[in-house]
Amino acid sequence: MARNDNPQAVRLIDSLRQKVGAEDAKEFDKTHALSKSADSKKKFGWAKDVCTYLEAHYEEETIVKVRKECRCNDGKSIANKLLKYLHKAGSIRQFVDDFNRQETFAFLEYQTENRIVFCYPECYCACVKRVPEELSRTWCYCTLGNAEGIFKRVFGEGIRVSLLESIKTGADRCAIEVEIEGETQAK
């Protein structure tokens, strides 16, 4: 029997355990194995199966909660980079402009002083980026967990994130709207 020792599989099983219960996580673990030695095609196929499974068993709100917990990192390094620009800026617009002038791994779009769009110009997901096929939006909800971790470090707890579009669903970019509650004056 295949082992679920791939980091993405481990995170998903842990998230299922936390968000929907131990029995669901155990069932998924038995039927959807992914080893850490899996190649890119195997990982992509597993990701497609994950989407199908989640969509067949849960409502979208639960799927988002489960997938948000599957983020690959805590976002600390990106948050620190963003904070560098925020601390020097006099407004959110200036923060966005300064960041975009210097960085290429991502870009920001100014909406209002309480809303920005955080964008990636390419898919960075190690599990699916090497296969040039589309996936369900379900897969990309993990980026909400990543963005939430990043922007809570930047603006505090009062943020909401929502997925606008993603490369793996056919868009030209991954775009996450970030709404900032309360005072947003650059520090």
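All values reported here derive from a predicted model rather than from experimental measurement.
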**Prompt:** Would you say the side chain of C123 lies within less than 4.5 Å of the side chain of V128, judging by non-hydrogen atoms?
**Reply:** yes
**Prompt:** Okay, side chain of Y85, backbone of Q94: is any donor-acceptor separation there less than 3.5 Å?
**Reply:** no
**Asked** Is there a donor-acceptor pair under 3.5 Å between the side chain of T143 and the backbone N or O of C140?
**Response** no
**Prompt:** Between Y120 and F105, how do the two ring planes meet: parallel, tilted or perpendicular, split at 30° and 60°?
**Reply:** tilted
**Request:** I would like to know whether F44 and R130 meet side chain to side chain contact (heavy atoms under 4.5 Å, CB included); could you show each step before the answer?
**Result:** CA-CA 8 Å; F44 187 87; R130 289 179 181 84; over 6 Å; no
**Asked** Between T31 and E27, is there a donor-acceptor pair closer than 3.5 Å when you use the side chain of the first and the backbone of the second?
**Response** yes
**Prompt:** Does N4 reach the main-chain N or O of A9 with its side chain, forming a donor-acceptor pair under 3.5 Å?
**Reply:** no
**Prompt:** Does any N or O in the side chain of E113 come within less than 3.5 Å of the main-chain N or O of R93, such that one atom is a donor and the other an acceptor?
**Reply:** yes
**Request:** Verify, without hydrogens or angle tests, whether N114 (side chain) and I180 (backbone) share a donor-acceptor contact under 3.5 angstrom.
**Result:** yes
**Asked** Just by modelled atom types, is the W139 backbone N or O under 3.5 Å from a matching donor or acceptor in the K168 side chain?
**Response** no
**Request:** Supply the atom-to-atom distance D98 CG to H87 NE2, rounded to the nearest 0.5 angstrom.
**Result:** 13.5 Å
**Message:** With a 3.5 Å distance limit and no angle check, can you tell me whether R115 reaches the backbone of E179 through a side-chain donor-acceptor pair?
**Reply:** no
**Request:** Would you confirm whether R137, through its side chain, and L163, through its main-chain N or O, come within 3.5 Å as a donor-acceptor pair?
**Result:** yes
**Message:** For D172, I'd like to know if atom CG has over 12 heavy atoms of other residues, nucleotides or ligands within 6.0 Å.
**Reply:** no
**Item:** F28 and H32 aromatic ring geometry - parallel, tilted or perpendicular at 30°/60° bounds
**Value:** parallel
**Asked** Are R153 and D74 within salt-bridge range, i.e. N to O under 4.0 Å?
**Response** yes
**Item:** Distance, nearest 0.5 Å, that separates CZ of R67 from CG of L16
**Value:** 9.5 Å
**Item:** Steps toward side chain to side chain contact (heavy atoms under 4.5 Å, CB included) verdict (L12, W46)
**Value:** CA-CA 12 Å; L12 183 61; W46 178 82; 4.0 Å; yes
**Atom NZ of K152: over 12 foreign heavy atoms under 6.0 Å** = yes
**Asked** Counting only N and O atoms by type, is there a donor-acceptor contact under 3.5 Å from the side chain of S15 to the main-chain atoms of V66?
**Response** yes
**Test item: L135 and K48 side chains (from C-beta on) under 4.5 Å apart, heavy atoms** = yes
**Message:** Just checking K42: does its NZ atom have more than 12 heavy atoms from other residues, nucleotides or ligands closer to it than 6.0 angstrom?
**Reply:** no
**Prompt:** Would Y58 and D24 count as having a side-chain donor-acceptor pair, cut-off 3.5 Å?
**Reply:** yes
**Asked** At what distance, to the nearest 0.5 angstrom, does CG of D5 lie from OG of S37?
**Response** 7.0 Å
**Prompt:** CD/E177 to CD/E165 distance, rounded to the nearest 0.5 angstrom?
**Reply:** 11.5 Å
**Distance (rounded to the nearest 0.5 Å) between C127 SG and K43 NZ** = 6.0 Å
**Asked** Quick one: are E69 and R11 in side-chain contact, heavy atoms under 4.5 Å?
**Response** no
**E55, CD: over 12 other non-hydrogen atoms inside 6.0 angstrom** = yes
**F99 and F107 aromatic centres sub-6.0 Å** = no
**Asked** Does the side chain of V20 come within less than 4.5 Å of T62's, by heavy atoms?
**Response** yes
**Request:** To the nearest 0.5 Å, tell me how far K36 NZ sits from L34 CG.
**Result:** 12.0 Å
**Message:** Within a 6.0 Å radius of atom NZ on K129, are there more than 12 heavy atoms belonging to other residues, nucleotides or ligands?
**Reply:** yes
**Prompt:** Hey, are the side chains of L144 and K68 touching, using non-hydrogen atoms and a 4.5 Å cut-off?
**Reply:** yes
**Message:** Does K84 have more than 12 heavy atoms from other residues, nucleotides or ligands lying within 6.0 Å of its NZ?
**Reply:** yes
**Asked** Is the shortest side-chain N to carboxylate O distance from E61 to K65 below 4.0 Å?
**Response** yes
**Prompt:** With side chains defined as the heavy atoms from C-beta onward, is the minimum distance between D14 and V10 less than 4.5 Å?
**Reply:** yes
